Every structure is written in structure tokens, then in C-alpha cells.
Amino acid sequence: MADTTGNTQDIGAKDGPGTRPSRSSWRHIGPGIVVAATGVGAGDLVATLIAGSNFGYTLLWAAVVGCLVKISLAEACGRWHLSTGRTLFDGWAALGPWTTWFFAVYAVIWGFVYGAAAMSSSALPLQALFPSVMDLEYWGIACGLVGLVFVWFNKYAVFEKVMTVLVGVMFVVTVYLAFRVTPNLGDAFAGLLPVLPDAEDSILNTLGLIGGVGGTITLAAYGYWVNAKGWTGSGWMKVMRLDNRVAYITTGIFVVAMLFVGAELLHSANIAISGGDQGLIQLGDILEDRYGATTGTLFLVGFFAASFTSLIGVWHGVSLMFADFLARQRGERQARADELASGRRERSWTFRAYLLWLTFPPMILLFQGEPFRLIIIYGVLGAAFMPFLALTLLWLLNSSRTPREWRNGYLSNGMLTVAGLLFLVLAVKQIWDQPWSEFF
């Protein structure tokens with residue numbers, strides 16, 4: 001993204017010797033690929049697919065706006081880490097104890113439910129590819145264990161390389177499918193005009209698509225991955241911004257490609273698919289019937305890449321955040337970025353404890369189903385996180401906690417305000433839609 005602070009000076013947190021890149025270069029990028037891969041999971045792809053199925057190309061502009069909103073949020077996270085030398089959780093803790101309580105409850109409940117969802121999502125395409133090998137639950141356990149072992153024994157550098165390979169698989173598959181369905185480019189360009197579909201709840205559907213383009217806790221993890229890469233001072237700011245742009249251009253390509261598939265393959269033929277990950281299994285069957293077994297198989301491989309990158313991305317990124325949270329609770333009053341750059345956080349018992357929490361307790365849900373009340377709480381906390389992130393970043397980056405030269409400019413303030421209000425509306429809707437009468 002462009003410099004949203006409105007400043008050109010390269011000043012901020014002091015850089016150690018040799019930490020400042022000579023220039024912004026493509027060879028430095030990496031954390032952006034990781035956040036793009038983690039943020040765009042199977043759920044995001046199917047939501048965009050359904051939007052294309054229901055409305056054709058009409059909401060293409062909303063997908064593009066969603067990418068711009070996330071660019072601003074991720075840039076703000078990275079700018080906080082690089083300009084202050086402190087982690088995002090350290091910034092949250094400075095706003096009051098309520099942030100600590102919110103994150104603690106969120107991390108425990110969200111991690112428990114998400115762990116099961118991620119394992120199940122990764123298992124679905126594997127079971128479809130190898131139907132006679134074992135049941136879905138055991139595929140899920142296998143995916144969780146592979147993710148655990150991989151993140152446990154590898155440092156960030158290896159993690160980034162594997163994520164990059166899987167993103168390459170996702171890119172090839174989604175772009176191939178977009179060309180295979182032969183999109184109507186005239187209608188696609190018309191879809192860039194901000195028009196609402198003529199349907200019930202069109203405004204909320206549009207806001208949901210904008211908010212759903214790769215928008216999860218992994219946006220907050222971006223700053224942690226920036227530091228884990230070894231970027232620890234404001235000298236890396238231009239590189240981080242290039243990296244962030246690459247992240248959401250990549251995300252935009254995934255989303256636009258799936259919207260093309262939904263518009264051409266499903267909308268034109270008036271084919272409906274179910275929500276959730278099962279919708280992608282249905283799409284695989286449709287692609288196989290229309291274009292042959294090779295295309296159907298290729299799609300399932302891409303489906304697995306999208307799901308498994310989200311799994312290992314959360315296993316790594318949110319575990320880093322949790323380790324940082326506990327380190328501060330144990331008395332490290334300044335949670336510093338150089339701790340992340342050294343790799344010590346990835347080897348800590350707190351990092352590995354959260355890894356275990358994401359992997360083993362959720363396996364119970366694979367066999368017993370999701371506990372109703374816990375799912376409602378999970379939905380409420382998940383809905384609240386994105387407005388929490390946007391509004392706290394707005395607070396931190398306009399305060400004296402951030403060096404003056406790296407505080408928000410008009411553009412960044414405008415984008416973060418829009419993001420905060422957008423996610424606040426979506427949070428209220430999601431909380432309102434929960435079946436509270438059945439909760440009590």
C-alpha cells in the first residue's frame with residue numbers, strides 16, 4: 001500500500017547494524033505471502049463462489065474493496081511493530097486490562113473450535129481424493145498432527161518457504177479455473193462499478209463479502225511474521241509495504257478467480273451449492289462432470305492447499321501471539337520485536353503449549369460434533385475481533401505510543417475508520433443472528 005502516514009522520513013524505532021535493507025526489493029517479500037495464504041481459507045473461497053453464483057459479476061467491486069480494507073489493516077499492524085519495536089499485544093496491553101481479558105478468552109475458546117474446523121476443512125479434499133483410505137475424522141487427525149509436527153520442529157524460514165509453495169499451487173489452480181470457465185470480461189469490468197444487487201439484504205450481503213476477504217486474526221499476526229522474518233526497525237518500512245501489497249494482490253487474484261467461476265459456472269446455469277466447505281466438494285463434482293476428472297482432481301488439490309495453509313498458518317501465527325501474550329503476563333514488561341526475530345518465541349514452551357491446545361482438544365469435536373453454546377460464544381468472539389483490531393489500531397497509531405513520524409495520516413485514518421465501522425456492523429448482525437433463545 002502507499003504510505004498512508006503521509007510521511008517520507010525513514011525514522012522510527014532504531015535499527016541495529018546491518019538490519020536496514022539497501023532498497024525495497026521483491027527478493028525480501030515473504031510475510032505477505034504467509035498472511036495471504038492463511039487468511040484465504042476454504043470458507044473465504046466458498047463465500048466468494050456463492051456470491052458469484054447468486055449475483056454474477058455484480059459484487060466484483062466489493063471483493064476489490066475488501067482487499068483494500070485488509071491492506072490498510074495489515075499495513076497498520078506491520079507499521080506498529082516496525083516503528084515502535086514493540087509487539088501488537090504490548091500495544092493492546094497499554095490500552096488497559098480489558099484487552100488482556102478479551103484476548104485471553106478469545107484465544108482459548110476460538111482456538112478450541114477453530115482447531116476442529118481447520119482439521120475438518122483440510123480433511124475434506126483428502127477424503128474426496130482418496131475415498132477408500134480412511135474416514136473423514138481420521139484424515140482430520142492426520143492433518144492436525146502433520147501441522148503440529150511441522151510447526152513444532154521448523155523455524156519461520158522453512159515455514160515461509162512451504163507456505164510459498166502451497167500458495168503457488170493455489171494460484172495455479174484458481175487462475176486455471178478462471179480461464180477454464182471463459183469469463184465474460186465485459187460483464188467483469190462492469191462489475192467494478194459500485195452497484196448493489198437487486199435482492200433482499202443486498203447491503204448486508206455486500207458488506208459481508210467486503211469483510212470476508214481474508215479477514216481473520218491472521219491479520220493481527222502479520223506484524224509478528226514481519227518480525228519473525230528479521231525485520232525489526234523502521235528501515236524495513238518500505239519493504240513491508242511492498243510485501244503487504246503483494247499479499248493482497250495475491251488475495252485479490254484468488255477471490256476474483258473464484259467469483260469468475262461462480263458467475264460463469266454456477267450463476268449462468270442456475271446451479272446452487274451449499275455454504276461451508278461442503279460447497280467446494282460439490283464444486284469439485286460439477287467441475288469433473290463439465291471438464292473431466294483431471295480438472296476435478298486439480299481443484300481438490302487446490303482446495304487442500306487453501307485449507308492446509310490456513311491450518312499451519314494459524315498453528316504458527318496465533319501461537320506466536322499467544323506466546324507473546326503469556327510472556328508479558330509473566331513479567332516481560334516490554335514485549336519486543338527482537339525476541340520474535342531471534343526465533344526464541346518459536347522455541348518457547350508457551351508457543352508449543354498453544355500448538356498442543358490447537359491440535360489435541362479439538363479432536364474431540366471431530367467425533368462428537370460442535371457443542372451448541374460454545375459455538376455461539378465462538379461466533380460472538382469471532383465477530384468482535386475484527387472491529388477490536390481496527391479500532392485499537394486506530395487508537396494506538398494516533399497516540400504518543402507511536403513515533404510522530406509514523407502515526408496515521410488522513411488516508412490511514414480514513415481506511416481504519418471504514419474498516420472499524422464495517423466490522424462493527426457485521427459483528428452486530430452476527431451477534432443478533434445467534435439463536436439466543438436456545439442458548440439459555
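All of these numbers come straight from a predicted model, not from anything done at the bench.
- Judged by distance alone, with hydrogens and angles left aside, the side-chain atoms of Thr174 form a donor-acceptor pair with the main-chain N or O of Phe171 at under 3.5 Å.
- The aromatic rings of Phe303 and Phe299 lie tilted to each other, with the angle between the two planes from 30° to 60°.
- Side-chain contact between Phe159 and Asn154 is absent, with no heavy-atom pair separated by less than 4.5 Å.
- Aromatic rings from Phe388 and Phe103 are positioned such that their centres are separated by 6.0 Å or more.
- With values rounded to the nearest 0.5 angstrom, Leu311 atom CG is found 11.0 Å from Ser120 atom OG.
- A distance of 5.0 Å separates CG of Leu145 from CZ of Phe360, quoted to the nearest 0.5 Å.
- A donor-acceptor distance shorter than 3.5 angstrom exists from the side chain of Thr392 to the backbone of Leu389, with no hydrogens or angles considered.
- Ring centroids of Phe322 and Phe325 are separated by less than 6.0 Å, placing the two rings close together.
- Expressed to the nearest 0.5 Å, how far CD1 of Ile217 lies from OG1 of Thr38 amounts to 11.5 Å.
- Under the 3.5 Å distance criterion, the side-chain polar atoms of Asp243 are matched with a main-chain donor or acceptor of Gly32.
- Counting heavy atoms from C-beta outward, Arg241 and Glu75 have side chains that approach closer than 4.5 Å.
- Going from atom NZ of Lys429 over to atom CG of Asp433 covers 4.0 Å, rounded to the nearest 0.5 Å.
- At distances below 3.5 Å, not a single donor-acceptor pair connects side-chain atoms of Asn244 with backbone N or O atoms of Met240.
- Not one N or O on the side chain of Lys70 forms a donor-acceptor pair closer than 3.5 Å with the backbone of Ala36.
- When every heavy atom of Ala118 is checked against every heavy atom of Trp315, the shortest pair comes out as CB-CZ3, 4.1 Å.
- Close placement of the Tyr138 and Phe367 rings is indicated, their centers lying within 6.0 Å of each other.
- At distances below 3.5 Å, at least one donor-acceptor pair connects side-chain atoms of Thr250 with backbone N or O atoms of Val246.
- Using modelled atom types, no side-chain atom of Thr58 and backbone atom of Leu196 make a donor-acceptor pair closer than 3.5 Å.
- Taking the side chain as every heavy atom from C-beta outward, Cys77 and Leu393 approach each other to under 4.5 Å.
- No donor-acceptor pair closer than 3.5 Å links the side chain of Tyr354 to the backbone N or O of Trp349.
- A distance below 6.0 Å separates the ring centres of His28 and Trp236.
- Here the CG atom belonging to Leu95 is positioned 5.0 Å from the CH2 atom belonging to Trp395, to the nearest 0.5 angstrom.
- For the atom pair Leu287 CG and Leu298 CG, the distance stands at 9.5 Å (nearest 0.5 Å).
- Using the six-membered ring where Trp is involved, His316 and Phe351 have ring planes that are perpendicular, over 60° apart on the 30 and 60° scheme.
- Using a 4.0 Å cut-off between a side-chain N of Lys or Arg and a carboxylate O of Asp or Glu, Glu339 and Arg345 qualify as a salt bridge.
- For Phe55 and His267, the gap between ring centers reaches or exceeds 6.0 Å.
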